[in-house]
Amino acid sequence: MTAISEPLISAAPSTYQPLPPRVHHAPQRIAEDVHLIRQLEGEGTSPMCVYINSLVITGREPMLVDTGSASNRDQWLQDVNGIVDLREVRWIWISHDDRDHLGNLEAVLELCPNATLVVDWLTVQRTAHEYRLPMTRMRWINDGDHLCTPDRTFIALRPPTYDSPTTRGLYDTRSRVYWSSDSFGTAVAHHVDAASDLPLAAFEEGMSMFNRLLSPWTAMVDRVKFSDRVRAVRTLDARAVATCHGPVIRDAQLEAAFELMTRLPQLGAVPLPGQEQLEAMLAAITKG
Ligand SMILES: [Fe+2]
Ligand SMILES: [Fe+2]
């Protein structure tokens with residue numbers, strides 16, 4: 001058995017810590033009272049990039065929707081605090097229990113003492129090895145439930161694609177923005193402010209690839225039942241779909257996105273790169 005020295009144990013986390021993004025993209029106001037906090041992973045280092053977004057909804061009882069990535073904590077907190085005084089935040093909505101949605105949860109719970117955490121039972125269970133979430137500051141909302149605040153009603157609606165059983169999308173009936181969590185994410189070659197800034201073919205290709213990687217199980221599902229869920233989201237009649245992992249989608253691109261999502265089960269899973277591709281990448285890096 002190899003003895004693990006103390007210095008090695010303490011050095012391990014920083015050795016493999018991800019670097020914060022090279023470029024900062026300022027928050028984007030996507031509707032009245034609704035702001036998209038943006039972070040683009042892979043920009044400048046990778047041929048395709050993926051956003052890690054979150055939302056701030058202001059109004060009478062401000063809400064944070066997901067909490068971004070820990071690797072970008074300082075900038076994320078600055079961006080959020082530039083829109084809303086953290087002490088005035090009333091709700092923290094967690095769309096599911098993945099790290100890119102919970103990255104700054106502890107900081108937010110500390111800095112927003114007046115906020116109630118909106119999760120579900122399963123999130124509490126699945127994160128118990130990492131967090132002792134405050135049960136007395138919590139509201140459990142399941143798929144189909146409503147959350148009413150003085151100036152708006154939110155509807156929890158699970159999006160068609162997802163990678164965690166805790167996933168609940170969020171529809172704000174006032175702004176008519178739907179937060180689709182991971183769903184409707186789109187891999188992009190460079191930063192854009194909206195899906196409409198991409199050629200339609202590039203948008204569809206990036207969205208198809210992202211959603212099939214996210215949910216390879218779509219290749220196995222009953223197509224009618226899957227299209228029922230796409231229709232349920234479409235029936236919300238959202239003005240915009242904001243996703244954690246892509247640019248905001250509206251208008252013609254939104255129609256195209258629903259059409260593509262309906263066809264997703266027919267497209268099959270995306271084959272993943274293997275050892276051969278890894279070796280080619282390493283050779284290219286070494287050569288470079
Ligand atoms: Fe996820
Ligand atoms: Fe995610």
Side-chain angles (χ1 to χ4, degrees), residues 18 20-21 25 27-28 30 36-43 46 48-56 63-73 75-76 79-80 92-108 117-131 133 141-143 156-171 177-188 191 195 206-219 221 226 229-230 233 241-249 257 261 264 269-270 272:
H25 299 290
Q28 178 187 26
I30 59 170
L36 192 66
I37 308 296
R38 304 181 289 182
Q39 171 185 343
L40 187 54
E41 278 297 309
E43 192 169 20
S46 181
M48 292 305 279
C49 318
V50 170
Y51 286 94
I52 300 180
N53 297 329
S54 39
L55 274 190
V56 177
M63 173 186 279
L64 307 185
V65 183
D66 289 330
T67 69
S69 155
S71 65
N72 193 34
R73 179 165 300 156
Q75 185 64 61
W76 187 89
D79 285 349
V80 172
I92 303 164
W93 177 285
I94 299 297
S95 73
H96 69 291
D97 58 329
D98 278 347
R99 297 296 305 160
D100 51 332
H101 301 251
L102 298 178
N104 300 306
L105 179 58
E106 282 169 285
V108 156
L117 183 61
V118 188
V119 287
D120 64 350
W121 171 83
L122 194 53
T123 296
V124 178
Q125 299 304 314
R126 283 167 57 100
T127 58
H129 65 104
E130 276 188 291
Y131 302 109
L133 294 177
I141 297 279
N142 293 315
D143 184 36
L157 189 64
R158 179 172 294 140
T161 51
Y162 52 87
D163 63 1
S164 163
T166 62
T167 302
R168 290 108 61 255
L170 177 76
Y171 182 57
V177 171
Y178 175 63
W179 176 251
S180 59
S181 190
D182 288 346
S183 195
F184 293 88
T186 304
V188 294
H191 171 67
M207 191 187 129
S208 168
M209 183 171 71
F210 183 90
N211 284 272
R212 288 184 293 144
L213 286 167
L214 175 79
S215 304
W217 47 262
T218 52
V221 297
F226 186 80
R229 178 51 58 149
V230 179
V233 175
V241 168
T243 161
C244 181
H245 299 302
V248 64
I249 311 170
M261 193 62 89
L264 211 63
V270 177
L272 296 177

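For ligands, and for the atoms within them, numbers begin at 1 and follow the listed sequence.
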Looking at Asp98, the N/O/S atom that lies nearest to the Fe ion (ligand 1) is called OD2
With a 3.5 Å cut-off and no angle check, do the side chains of Asp98 and Ser164 form a donor-acceptor pair?
no
| said: With respect to the Fe ion (ligand 2), please indicate if His245 possesses an N, O or S atom at a distance under 2.8 Å. | reply: yes
Exercise for the section: Decide yes or no for Pro159 and Met261: does some side-chain heavy atom of the first lie under 4.5 Å from some side-chain heavy atom of the second? Expected result: no
Margin query: So, 2.8 Å as the limit: is an N/O/S atom of Asp163 located closer than that to the Fe ion (ligand 2)?
Written below: no
- Item | Side chains of Asp97 and Thr127, donor plus acceptor under 3.5 Å | no
N/O/S from Asp100 sitting under 2.8 Å away from the Fe ion (ligand 1): no
*Pair Tyr162 + His96: ring centers closer than 6.0 Å*: no
Open item on the list: Please determine whether His101 has a backbone or side-chain N, O or S atom lying under 2.8 Å from the Fe ion (ligand 2).
Closed with: yes
Requested in this report: Fit a plane to each ring of Tyr178 and Tyr171, take the angle between them on a 0 to 90° scale, and name the class: parallel (under 30°), tilted (30 to 60°) or perpendicular (over 60°).
Outcome: tilted
The Fe ion (ligand 2) -> Asp182, closest N, O or S atom is OD1
